[in-house]
Amino acid sequence: MTPARRVGPAPALPQAPPLPVPPRPVVPPRVAGPDPAPWQRITVDVPGPEFEARPPGQDAFDFPDSECEGWSTDRLTLRFASVRGARHRYYRQPRQDAARAAVHEATGSIVFAVADGVSSATESHLGAVEVCRAAVERLLHLLDRGPGRLDGADVAAHAAKRLHELARCRLGVPALRTAEVARLYATTLVAGTVRATGDALEAELFRIGDSGAWLLDRSGGGYHPLFGGRAAADAPLVDNEVSPLPLVPDRPETAVGRLTEPWTLLVGTDGFGDPLGAGDGRVGELFARQLATPPPPLWLGQVLDFTRETFDDDRTLLAVWPRTGGQR
C-alpha cells in the first residue's frame, strides 16, 4: 500500500535580512550632447600595438577575454581580475591565466588560487582553471578539519591528481605519465588562505612555479615580495626555469605574514609581476595609487589591462585588504 500523505502547512523558510536602502540619488538635468567616450586603455611609458582583439579558437568559447570578481566579508575585502594579453589576442589564443576565491563559511576565512598555464602545454588554459577549482575545494576541506598550518603539498597533490583525471578523460586511457599530463595541462599555482588568528589576520600561501605574491604597503613603503624577488634589470642572467603542476615538490615554497593596515596582499601571475619588477617604476606607481582603496572590480580589470611596449602576456591579479571598523 501507498502510505497516506500528511497534509499540513509547509515549514517556514528562513528569511534573509532586508537589503539596505540607499539614499535616493539627486539626478542632474540631462544635458544635450554626445555620449561619453568608452574607457580608453591606460598607457604606461611607450604603448604596445593597438588592434581589435581576435576571437580565440572555436573550442575555447568557455574562456572569456577578461573576468573579474569582488566582494567583502566582515573583516576582509577581495578583488581579482584576469585579462588576456596582447599576444594571445592577436594570435587567436585563449587566456591561459585563471583565478578563483571563496569564503569558508564556518570561520569567515578567504581561500584563493591563481594559476598561469604554461604556454608550451597544448591545453594549459584548461589546466589553469582546473587547478584553481581543485585548490579552492581542497583548502575549504582542510579548513573544515580545524585550525593548523596550511599543507601546501596536500593541496598541490590534490590539484595534480585532478590534472591526471582530466587527461585520462581527455585521451580515454587508464593511466598517463606525469610528463604526458604536463604536455597537455602544465600550469603554475599560488594558493592560500587569509584567516583570523585571534584579533589578527594571517595570510598563508604556497606556490608551484613562478607566479608571485607581494605585500603592498599603502603608506608608501612599496612592494614586499613574499616569494624571493625579481632579478635586477641589469642582471646578466635570468633563471626562467619553471617546475609547474602536475609536478609536485616534496616541500612547496611557502610564505606567512600578518595582514594589517596599511598592508594589502597581492597575488599575481608573471604577466603582472614582470612589468611590476621591484615596484619602483611607473607600473608600481600606477597600482599603488589605484589600490589605495578597493576599486570596483571592473575598474581593476581596466587598470590591469594597461598597455606597455613588450609586455604582452596574460595578466591576473588578486588583492585582499583588511577592513577597518568604519567600513560597511
Side-chain angles (χ1 to χ4, degrees), residues 44 76 78-82 97 99 101 110-116 118 132 135 149-150 152 155-156 187-195 200-245 249 251-292 300 303-304 306 308 310-311 313-322:
V44 179
L76 297 162
L78 176 138
R79 301 283 188 267
F80 76 67
S82 184
D97 282 4
I110 287 179
V111 303
F112 57 83
V114 171
D116 180 359
V118 176
C132 284
R149 281 296 176 199
L150 171 65
V155 177
T187 179
T188 73
L189 175 66
V190 179
T193 66
V194 180
R195 49 184 165 172
L201 294 167
E202 183 179 81
E204 192 173 4
L205 309 84
F206 75 92
R207 76 168 176 176
I208 309 291
D210 64 351
S211 294
W214 304 260
L215 285 175
L216 168 62
D217 181 357
R218 289 176 281 114
S219 66
Y223 298 80
H224 300 262
L226 296 178
F227 298 113
R230 289 281 168 183
D234 56 353
L237 295 174
V238 177
D239 183 6
N240 288 321
E241 183 180 356
V242 177
S243 296
L245 290 170
R251 294 183 178 180
E253 191 176 359
T254 61
V256 178
R258 290 287 182 91
L259 188 61
T260 59
E261 284 292 340
W263 300 92
T264 298
L265 173 66
L266 306 180
V267 182
T269 60
D270 58 3
F272 169 77
D274 286 345
L276 175 70
D280 54 358
R282 293 190 177 182
V283 172
E285 293 174 1
L286 171 66
F287 281 89
R289 185 170 64 250
Q290 297 295 334
L291 301 179
L300 176 59
V303 176
L304 192 63
F306 67 86
R308 188 181 189 186
T310 75
F311 292 103
D313 199 2
D314 300 338
R315 299 188 191 124
T316 298
L317 179 64
L318 180 146
V320 181
W321 291 258

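Keep in mind that the numbers below use all heavy atoms, side chains included, and drop hydrogens, waters and symmetry copies.
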Engineer: Please identify each residue that fulfils salt bridge (Lys or Arg N to Asp or Glu O under 4.0 Å) with Arg218, with sequence neighbours left out.
Structural biologist: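 Counting only residues at least two positions away or on another chain, Arg218 forms a salt bridge (Lys or Arg N to Asp or Glu O under 4.0 Å) with Glu261.
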Engineer: Determine whether a donor-acceptor pair (N or O, by modelled atom type, separation under 3.5 Å) exists between the side chain of Thr269 and the backbone of Thr316.
Structural biologist: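 Pair found, side chain donor or acceptor close to backbone of Thr316.
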Engineer: For the side chain of Tyr223 and the backbone of Gly284, is there at least one donor-acceptor N/O pair under 3.5 Å apart?
Structural biologist: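 Side chain of Tyr223 to backbone of Gly284, a donor-acceptor pair under 3.5 Å: yes, one is there.
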Engineer: Measure across Ala203 and Val194 and return the closest heavy-atom pair with its distance rounded to 0.1 Å.
Structural biologist: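 Nearest pair, atom of Ala203 first, then Val194: CB-CG2, 4.1 Å.
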Engineer: Any non-hydrogen side-chain atom of Ile110 less than 4.5 Å from a side-chain atom of Leu76?
Structural biologist: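 Contact flag for Ile110/Leu76 side chains = yes.
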Engineer: Testing the basics here: between Cys132 and Ala113, what is the closest heavy-atom pair and its distance to 0.1 Å?
Structural biologist: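 Closest heavy-atom pair between Cys132 and Ala113: SG-O, 3.6 Å.
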Engineer: Give the minimum heavy-atom separation between Arg308 and Val44, together with the two atoms involved.
Structural biologist: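 Residues Arg308 and Val44, closest heavy atoms: CG-O, 3.1 Å.
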Engineer: Taking the side chain as every heavy atom from C-beta outward, state whether Asp274 and Asp313 have any atom pair closer than 4.5 Å.
Structural biologist: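 Heavy-atom side-chain distance check fails, nothing below 4.5 Å.
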Engineer: Using a 3.5 Å distance criterion without hydrogens, assess whether the side chain of Thr188 forms a donor-acceptor pair with backbone atoms of Asp116.
Structural biologist: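 It does hold such a pair.
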Engineer: Are any non-hydrogen side-chain atoms of Val267 and Leu317 less than 4.5 angstrom apart?
Structural biologist: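 No, side chains not in contact.
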Engineer: Working to the nearest 0.5 Å, report the span between CG of Leu265 and CG of Leu259.
Structural biologist: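 If I round to the nearest 0.5 Å, the distance is 6.0 Å.
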Engineer: Any cation-pi pair here, Arg315 with Phe306, using under 6.0 Å and within 45°?
Structural biologist: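 Judged by the rule, Arg315 and Phe306 form a cation-pi pair.
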Engineer: side-chain hydrogen bond (donor to acceptor under 3.5 Å, both in side chains) with Glu202: which residues, sequence neighbours excluded?
Structural biologist: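 Counting only residues at least two positions away or on another chain, Glu202 forms a side-chain hydrogen bond (donor to acceptor under 3.5 Å, both in side chains) with Arg149.
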Engineer: Run the side-chain hydrogen bond (donor to acceptor under 3.5 Å, both in side chains) test against Asp280 and tell me which residues pass, sequence neighbours left out.
Structural biologist: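 If we apply the side-chain hydrogen bond (donor to acceptor under 3.5 Å, both in side chains) test to Asp280, skipping adjacent residues, there are no hits.
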Engineer: Rounded at 0.5 Å granularity, tell me how far OG1 in Thr193 sits from CZ in Phe206.
Structural biologist: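 So the gap between those two atoms works out to 10.5 Å.
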Engineer: Could you pull out all residues at least two apart from Arg207 that satisfy side-chain hydrogen bond (donor to acceptor under 3.5 Å, both in side chains)?
Structural biologist: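 For Arg207, the residues satisfying side-chain hydrogen bond (donor to acceptor under 3.5 Å, both in side chains) (neighbours in sequence not counted) are Glu253.
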Engineer: Indicate yes or no: at least one non-hydrogen side-chain atom of Phe112 is less than 4.5 angstrom from one of Leu205.
Structural biologist: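 They are in side-chain contact.
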Engineer: Check Val114 against Ala99 and note the closest heavy-atom contact, atom names and distance.
Structural biologist: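 Closest approach of Val114 to Ala99: CG2-CB, 4.1 Å.
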Engineer: Hey, could you give me the CG/CG distance between Leu276 and Leu266, rounded to the nearest 0.5 Å?
Structural biologist: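 Rounded to the nearest 0.5 Å, the CG-CG separation comes out at 8.0 Å.
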Engineer: What distance separates Leu318 CG from Ser82 OG, expressed to the nearest 0.5 Å?
Structural biologist: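 The OG atom of Ser82 is 10.5 Å from CG of Leu318, to the nearest 0.5 Å.
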Engineer: Who are the side-chain contact (heavy atoms from CB on, under 4.5 Å) partners of Thr260, not counting sequence neighbours?
Structural biologist: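 Expected list: Trp263.
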Engineer: Can you name the closest pair of heavy atoms from Ile208 and Pro244 and give their distance?
Structural biologist: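 Smallest heavy-atom distance, with atoms named: CG2-C, 3.9 Å.
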Engineer: Who are the side-chain hydrogen bond (donor to acceptor under 3.5 Å, both in side chains) partners of Asp314, not counting sequence neighbours?
Structural biologist: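 For Asp314, the residues satisfying side-chain hydrogen bond (donor to acceptor under 3.5 Å, both in side chains) (neighbours in sequence not counted) are His88.
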Engineer: Under the side-chain contact (heavy atoms from CB on, under 4.5 Å) criterion, do Val155 and Leu150 qualify, and how do the steps go?
Structural biologist: CA-CA 9 Å; Val155 177; Leu150 171 65; 4.3 Å; yes
Engineer: Could you give the distance from CG (Asp97) to OG (Ser211), rounded to the nearest 0.5 Å?
Structural biologist: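 If I round to the nearest 0.5 Å, the distance is 7.0 Å.
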Engineer: If every non-hydrogen atom of Val256 is compared with every non-hydrogen atom of Glu204, which pair is closest and at what distance?
Structural biologist: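 So the minimum-distance heavy-atom pair works out to CG2-CG, 3.7 Å.
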Engineer: To the nearest 0.5 Å, what is the distance between CZ on Phe287 and CG on Leu216?
Structural biologist: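 Taking CZ in Phe287 and CG in Leu216, the distance rounds to 11.0 Å.
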Engineer: Any chance the rings of Trp214 and Phe272 have centres within less than 6.0 Å?
Structural biologist: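 Close enough - the centres of the two rings lie under 6.0 Å apart.
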